[in-house]
Amino acid sequence: MGEAAPAGRPGLVVALGVVQALVLVAGVGAAVQVHLRGEPGYRITAPAAAGGLRRVPDRPVASAAYPFVAPVVRATGLPRTTAVYAGGNGRSLLFVGGTGAIGDPAAFLERLRPRTVITEHRADPGAPGGQAVCGRFAVLASVHLYCVWATDGSYGVLASNVPARGTRPGELSELLPKFRAAVEKRH
């Protein structure tokens with residue numbers, strides 16, 4: 001049998017046991033919270049402005065790019081933030097991003113690109129690092145631009161809601177680092 005509690009101290013032994021249990025639960029809770037937020041400690045938001053564009057009240061599900069982007073993002077099972085941004089020259093972009101346990105960024109980017117990709121190229125993901133690709137994808141009979149980035153704990157998609165003018169896919173590539181700096185913040 002186990003040792004008996006010293007006389008006059010059974011409450012102390014119970015209290016210490018409760019404290020140990022609470023510390024264990026708190027530690028597990030903190031670990032789960034860090035895992036759900038994504039590593040390396042970033043959060044994705046949809047601020048009023050990003051990359052020189054302003055967030056507009058348009059419903060993301062009504063945007064031209066949404067049916068081509070949403071299914072691949074939804075298939076990841078990760079939480080997501082979605083918004084539409086607009087700017088000069090009739091630019092309108094769908095933004096979808098989030099955090100979670102991504103693992104290999106290159107493999108994740110393969111899963112995250114629109115299903116109707118025509119061409120793509122590696123791009124600068126911006127200061128936080130990770131990997132990025134940008135390219136062109138088909139939206140019915142027109143061609144639109146897109147960029148995606150991923151780290152081991154965050155991701156984002158920018159997809160044009162309007163057809164690309166000309167064949168210059170670098171236009172969105174140049175915007176990606178500035179846009180990402182506005183939507184991805186370190187905890």
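No hydrogens, no waters, no symmetry mates; every other heavy atom, side chains included, goes into these values. Everything quoted here is computed from the prediction, not taken from an experiment.
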Arg180/Ser154 under side chain to side chain contact (heavy atoms under 4.5 Å, CB included): CA gap, chis, key distance, verdict: CA-CA 11 Å; Arg180 181 179 176 195; Ser154 67; 4.1 Å; yes
Residues Glu120, Arg136; criterion side chain to side chain contact (heavy atoms under 4.5 Å, CB included); working and verdict: CA-CA 6 Å; Glu120 67 180 18; Arg136 301 179 311 150; over 6 Å; no
Contact summary for Arg43 and Thr99, nearest pair of heavy atoms: CA-CG2, 4.1 Å
Leu94 to Pro60 - nearest heavy-atom pair and separation: CD1-CB, 3.8 Å
For the student: nearest non-hydrogen atoms of Leu109 and Ala132, plus distance: CD1-N, 3.9 Å
Contacts of type side-chain hydrogen bond (donor to acceptor under 3.5 Å, both in side chains), residue Gln131, not counting sequence neighbours: none
Distance, nearest 0.5 Å, that separates CD of Glu171 from SG of Cys147: 10.0 Å
Aromatic contact, Phe95 with Phe179 (centres under 6.0 Å): yes
Hphob cluster co-occupancy, Phe68 + Ile118, side-chain heavy atoms under 4.5 angstrom: no
Donor + acceptor pair across side chains of His121, Thr119 (<3.5 Å): no
Nearest heavy-atom neighbours spanning Gly100 and Leu78: CA-CD2, 3.9 Å
Nearest-0.5 Å distance that lies between atom CZ in Phe108 and atom OH in Tyr155: 6.0 Å
Within residues 46-71 or reaching into it, pairs that qualify as side chain to side chain donor-acceptor pair (under 3.5 Å) - sequence neighbours excluded: Ser63-Asn161
Enclosure of Arg111 CZ (heavy-atom neighbours >12, cutoff 6.0 Å): yes
Same apolar cluster (I L V M F W Y, side chains within < 4.5 Å links), Val117/Val162: no
